[in-house]
Structures are given as C-alpha cells and as structure tokens.
**Student:** 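Quick one: the structure is below, questions incoming.
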Amino acid sequence: MTLLASIQDADGRVVELTDERWSHITERHPEIAPFIDEVLHAVSSPDRRVVGRAANELWFYMRTNAPSAWLKVVVAYAEGRGHIVTAHARRSMP
C-alpha cells in the first residue's frame with residue numbers, strides 16, 4: 001500500500017488516503033475519480049460531520065456541484081489516526 005495523501009481533519013487529527021482505498025473508491029464510484037482534491041477537502045473542511053455506523057467512524061459531507069450536490073467521505077479512526085475508507089456522491093443529506 002502506498003500513501004497518496006495525508007491531511008488533517010477539522011479536529012487536527014491526521015487522516016490518510018492510500019492507493020488501495022483510492023482504487024476501491026474509483027472502481028465502485030468512477031464519477032469520483034477526478035475529485036481527489038475535493039475528497040480531501042471534505043475531510044479537512046467539511047460542511048457537516050455525522051457519527052458513522054461504527055464506533056470509530058465519522059462521515060464528512062461537503063456541498064459541491066460535481067459530481068452531485070454532496071460529497072460523502074467515510075473515515076475510520078484507530079490509534080489517533082484516520083483512514084479514508086470510501087467516498088461517494090449524494091444528491092441530498094441523509
């Protein structure tokens with residue numbers, strides 16, 4: 001696994017994106033492929049954050065015009081670090 005990007009979330013914690021996760025995201029959601037910068041920005045400056053399904057998970061949302069009205073990024077945290085699990089476009093907030 002190769003680290004593609006490392007950023008800080010809105011709380012100052014390091015969040016990483018690996019090539020394996022980016023491949024997963026773009027294979028399942030090819031419309032996201034041109035928007036890696038937006039995926040990272042959604043984590044560092046989200047418009048909204050929601051506690052995820054798992055205890056160590058946060059969902060970051062950013063308003064956007066492309067590829068849809070919202071971009072959702074799922075981050076799992078362990079040992080003080082976050083890892084982007086997936087990302088996809090949404091037409092509306094859940």
Side-chain angles (χ1 to χ4, degrees):
M1 252 185 317
T2 302
L3 184 63
L4 291 181
S6 180
I7 56 167
Q8 287 189 342
D9 70 9
D11 295 324
R13 296 176 290 186
V14 173
V15 175
E16 298 174 340
L17 175 61
T18 64
D19 61 342
E20 184 273 330
R21 288 285 86 199
W22 187 244
S23 291
H24 164 83
I25 292 167
T26 57
E27 285 173 13
R28 299 188 89 187
H29 309 286
E31 71 280 3
I32 298 295
F35 299 102
I36 190 169
D37 290 337
E38 288 81 355
V39 167
L40 298 172
H41 186 72
V43 174
S44 64
S45 298
D47 290 309
R48 186 164 177 205
R49 291 188 295 178
V50 176
V51 174
R53 290 187 190 120
N56 64 341
E57 190 176 84
L58 282 178
W59 298 350
F60 294 85
Y61 292 91
M62 184 177 77
R63 289 183 191 267
T64 182
N65 293 326
S68 193
W70 289 90
L71 179 63
K72 176 182 177 181
V73 182
V74 176
V75 176
Y77 290 89
E79 300 175 7
R81 297 180 87 77
H83 303 276
I84 294 175
V85 176
T86 195
H88 58 87
R90 290 191 54 96
R91 290 186 184 156
S92 63
M93 284 294 300

**Student:** Find the distance between OG (Ser45) and CG (Asp9) and round it off to the nearest 0.5 Å.
**Tutor:** 10.5 Å
**Student:** I'd like to know if the side chain of Ser44 and the backbone of Gln8 have a donor-acceptor N/O pair within less than 3.5 Å.
**Tutor:** no
**Student:** About how many Å separate CZ of Arg21 and CD of Glu16, when rounded to the nearest 0.5 Å?
**Tutor:** 13.5 Å
**Student:** What residues, two or more places apart in sequence or in another chain, satisfy ring pair (Phe, Tyr, Trp, His ring centres under 6.0 Å) together with His83?
**Tutor:** none
**Student:** How many angstroms lie between CG in Leu3 and CG in Leu17, if you round to the nearest 0.5 Å?
**Tutor:** 7.5 Å
**Student:** Find out if a path of hydrophobic residues (ILVMFWY) with successive side-chain heavy-atom gaps under 4.5 Å connects Leu58 to Val15.
**Tutor:** yes
**Student:** Indicate, with yes or no, if Val43 and Leu4 share a hydrophobic cluster defined by side-chain heavy-atom contacts under 4.5 Å among Ile, Leu, Val, Met, Phe, Trp and Tyr.
**Tutor:** yes
**Student:** Are Val85 and Trp59 close enough, and set up right, to give a side chain to side chain contact (heavy atoms under 4.5 Å, CB included), and what steps lead you there?
**Tutor:** CA-CA 10 Å; Val85 176; Trp59 298 350; over 6 Å; no
**Student:** Minimum heavy-atom separation for Ala42 to Pro46, with atom names?
**Tutor:** O-CB, 3.1 Å
**Student:** Hey, mind stepping through Arg90 and Ser68 against side chain to side chain contact (heavy atoms under 4.5 Å, CB included) and telling me if it holds?
**Tutor:** CA-CA 6 Å; Arg90 290 191 54 96; Ser68 193; 5.7 Å; no
**Student:** What is the ring orientation for Tyr61 with Trp70, classed by angle as parallel under 30°, tilted 30 to 60°, or perpendicular over 60°?
**Tutor:** perpendicular
**Student:** Hey, does the side chain of Arg13 reach the backbone of Gly80 with a donor-acceptor pair shorter than 3.5 angstrom?
**Tutor:** no
**Student:** Out of curiosity, Glu31 CD to Ile25 CD1, how far, rounded to the nearest 0.5 Å?
**Tutor:** 11.0 Å
**Student:** Just by modelled atom types, is the Tyr77 backbone N or O under 3.5 Å from a matching donor or acceptor in the Asn56 side chain?
**Tutor:** yes
**Student:** Determine the minimum heavy-atom distance between Ser6 and Val14, stating which atoms define it.
**Tutor:** OG-CG1, 3.3 Å
**Student:** Could you walk me through whether Trp22 and Val39 pass side chain to side chain contact (heavy atoms under 4.5 Å, CB included), step by step?
**Tutor:** CA-CA 10 Å; Trp22 187 244; Val39 167; 4.0 Å; yes
**Student:** Do you reckon Val51 sits in the same ILVMFWY cluster as Val74, going by side-chain contacts under 4.5 Å, direct or chained?
**Tutor:** no
**Student:** The test is side chain to side chain contact (heavy atoms under 4.5 Å, CB included); show your working for Leu71 and His41 and say whether it passes.
**Tutor:** CA-CA 10 Å; Leu71 179 63; His41 186 72; over 6 Å; no
**Student:** Could you grab the distance from atom CE of Met62 to atom CD of Glu38, nearest 0.5 Å is fine?
**Tutor:** 5.5 Å
**Student:** Would you say the side chain of Leu40 lies within less than 4.5 Å of the side chain of Ile84, judging by non-hydrogen atoms?
**Tutor:** yes
